Protein chains: 2
Amino acid sequence: MYRKADLSPILEELDATEGLDGLQAVSIGLRDALEIDHIVYHWVDSAGEQYGCGTYPADWIQRYIDKEYLRVDPVIVGCFQRFHPVDWKAVDWSGKAARVFLADALKNGVGNQGYSIPVRGPSGQFALFTANHNCSDEEWSEFKETYGHDLILIAHYFNRKALDFEENRSPQPVRALSPREVDALTFLALGYSRAQVAHSLSISEHTLRVYIESARFKLGALNTTHAIAKALSQGLIVM
Amino acid sequence: MYRKADLSPILEELDATEGLDGLQAVSIGLRDALEIDHIVYHWVDSAGEQYGCGTYPADWIQRYIDKEYLRVDPVIVGCFQRFHPVDWKAVDWSGKAARVFLADALKNGVGNQGYSIPVRGPSGQFALFTANHNCSDEEWSEFKETYGHDLILIAHYFNRKALDFEENRSPQPVRALSPREVDALTFLALGYSRAQVAHSLSISEHTLRVYIESARFKLGALNTTHAIAKALSQGLIVM
DNA sequence: TTTCCACTCCCCAGAAATAGTGAGGGGAAG
DNA sequence: CTTCCCCTCACTATTTCTGGGGAGTGGAAA
């Protein structure tokens, strides 16, 4: 039976942390306190870039990036679609690429049990906070039972810190879309043609075009499709 | 000085709750346990729809909807841009509409102190969890100090429940895309033209078109833009 | 083994989106 | 009261996308 560790010092340490190196240190402390194999915070950037920190072996992290496992990893997909924390056993490993990925992960020091918490920030920011261990299903259930709540909170704080660092680095000048621009992009995202959208909004197609173009400009998008993709992934419009 | 209330029974009640009415009941219990004026969970939908539950007077809620305060409320805007919980005193009340809104809110039973926690789910889902009270800044600081962590966790669980209800109402079957289709849609979402995508994938433009069409078909999309919007919002592709 | 499905290639005509201009009215903020 | 942004409308030429055909390979599953 698990005896629950006191995590309040970890939370305090997390609160006072500065910089990614600090998060790295906290994740090591947390891993030790929880007596599991790995703790990983993984920021998945909308541009496909990614950074994170945690206790995975450096080899594996490099391999993950090199092999573009991000596109294969079913945990990422599963978390992206859900709000609940995700147990690795519950995601879809049926794809061939996914099974190859899993085998490779296990070979590189990743434990068989995982529990990943999706965290979302403004502008479509998305990250994962994962606890990983090598043990039986029963032990893992007990672990989740014991620390589930705490992990959610800690995931929240990890992401908060990561966002703070990011903000310091690049204060993004996100210029908001005007209501009409939002309308226009929303209808386009729903699959309507420009003519239909113009009709729906009771404006001329020419006017509609102006909105689309100014939205494109504001979003720094190369074309309408890009604008809609950006607006969607930044949470500026919702389908 | 605050003596911290034990919130674990509330969390358990929340865990076992079914339906919006249940959430309503939990928010009342929580308000009483915290000894504050109001607790509100507010799901904000971009389409302008919104639903929520909490302890605000029904009059005020109706007024909020009728007057379209959603578009004015600086707390909404502030939370939408941030990951941190937001104290109402810290948001931008400089706009005229915002000040009118504030005056109206205070007149309708809303307390002067507020603490709102943004929560985000898949597909750009966004909600706010708010604690509201009428008291001095000092008392409020102490309250936030005491219950800040708990409120984050509770906000998370409120949103989880709300999403569960939503899911039960509209379960959608997703048919997976082939790797090539994912590639094609991903590049298109990044703003490349068909010619550029074809070149990037080292295939002919004709072939590329076949992928796009089959992806469109699988997604039940009306056109390419729609397909990309659907794929993005279903988490099938990541930018 | 046969039957899928994923992947690759090709032509053509019509529909739709983009790029380059332009203009005027209204409202909010400084 | 001026400036800035939002909303609305218009024309033309060019590029890009869509929809309609058809055809051949290889791998995986039934």
Side-chain angles (χ1 to χ4, degrees), chain A residues 71-72 94-100 173-231 236, chain B residues 68 71-72 74 77 92-101 175-229 236:
Chain A
R71 310 238 174 242
V72 172
S94 64
K96 192 186 158 193
R99 287 194 301 270
V100 171
V174 193
R175 225 162 97 211
L177 299 175
S178 79
R180 272 325 221 185
E181 286 160 358
V182 172
D183 292 341
L185 293 191
T186 303
F187 277 107
L188 288 175
L190 292 172
Y192 297 113
S193 71
R194 292 208 303 203
Q196 288 173 307
V197 175
H199 182 253
S200 299
L201 296 178
S202 306
I203 55 176
S204 77
E205 206 177 321
H206 310 282
T207 304
L208 173 69
R209 215 192 51 188
V210 176
Y211 296 142
I212 299 170
E213 279 177 15
S214 76
R216 251 207 337 257
F217 181 73
K218 284 181 184 172
L219 294 168
L222 297 165
N223 53 40
T224 301
T225 302
H226 193 199
I228 285 160
K230 280 198 160 192
L236 300 173
Chain B
E68 293 198 311
R71 309 234 176 246
V72 174
V77 179
D92 177 24
W93 294 97
S94 65
K96 192 185 158 193
R99 286 194 301 270
V100 170
F101 161 69
R175 216 165 109 210
L177 299 174
S178 80
R180 270 326 220 185
E181 286 160 357
V182 172
D183 292 342
L185 293 190
T186 302
F187 276 107
L188 288 175
L190 293 173
Y192 296 114
S193 71
R194 294 208 303 203
Q196 288 173 306
V197 176
H199 182 252
S200 299
L201 296 177
S202 305
I203 56 176
S204 77
E205 206 178 322
H206 312 279
T207 304
L208 173 68
R209 216 191 53 189
V210 176
Y211 295 143
I212 298 170
E213 280 177 15
S214 77
R216 251 205 338 255
F217 181 73
K218 285 182 184 171
L219 294 168
L222 297 165
N223 53 41
T224 302
T225 301
H226 194 198
I228 284 158
L236 299 172

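All values reported here derive from a predicted model rather than from experimental measurement.
Whole-Å rounding puts the A:R216 CZ to D:dT16 P distance at 13 Å. Atoms CZ (B:F217) and C1' (C:dC5) sit 14 Å apart, rounded to a whole Å. What separates CG of A:D183 from P of D:dT8 is a distance of 9 Å, to the nearest Å. Summarising the geometry, the separation between CD1 on A:I203 and P on D:dT8 is reported as 6 Å, rounded to the nearest angstrom. Taking atom CG of B:L185 as the reference point, atom P of C:dA6 lies 14 Å away to the nearest angstrom. What separates CD of A:E205 from C1' of D:dC9 is a distance of 13 Å, to the nearest Å. Atom C1' of nucleotide D:dC9 and atom CG of A:L201 are separated by 15 Å, given to the nearest angstrom. The distance between atom CD of A:E181 and atom P of D:dC6, rounded to the nearest whole Å, is 6 Å.
When heavy atoms are screened at a 4.0 angstrom cut-off, B:T224 is found touching the sugar-phosphate backbone but no base atom. Residue contacts shown for B:T207 include a base, since a base heavy atom lies under 4.0 Å away.
Taking the six-membered ring where tryptophan is involved, the planes of B:F187 and B:Y192 are tilted, since the angle between them lies from 30° to 60°.
When the nucleotides C:dA6, C:dT8, D:dG19 are ranked by their closest atom to the side chain of B:K218, C:dA6 comes out on top. Relative to the side chain of B:S178, the nucleotides C:dA6, D:dG19, C:dT18 differ in distance, and C:dA6 lies closest. Of the candidates D:dA10, C:dC10, C:dC7, the closest approach to any side-chain atom of A:S204 belongs to D:dA10.
In terms of heavy-atom proximity, A:R180 sits nearest to A:L201 at NH2-O, 3.1 Å.
The closest side-chain heavy-atom distance from B:D183 to B:Y211 is not below 4.5 Å.
Just one of A:I228, A:V197, A:L190 meets the side-chain contact (heavy atoms from CB on, under 4.5 Å) condition when paired with A:L185; it is A:I228.
Between the A:Q196 side chain and the A:S193 main chain, a donor and an acceptor come within less than 3.5 Å of each other.
A donor-acceptor contact under 3.5 Å is not formed by the side chain of A:R209 with the base of C:dG22.
Between A:R194 and B:L208, the one whose closest nucleotide on DNA chain C sits nearer the 5' end is B:L208.
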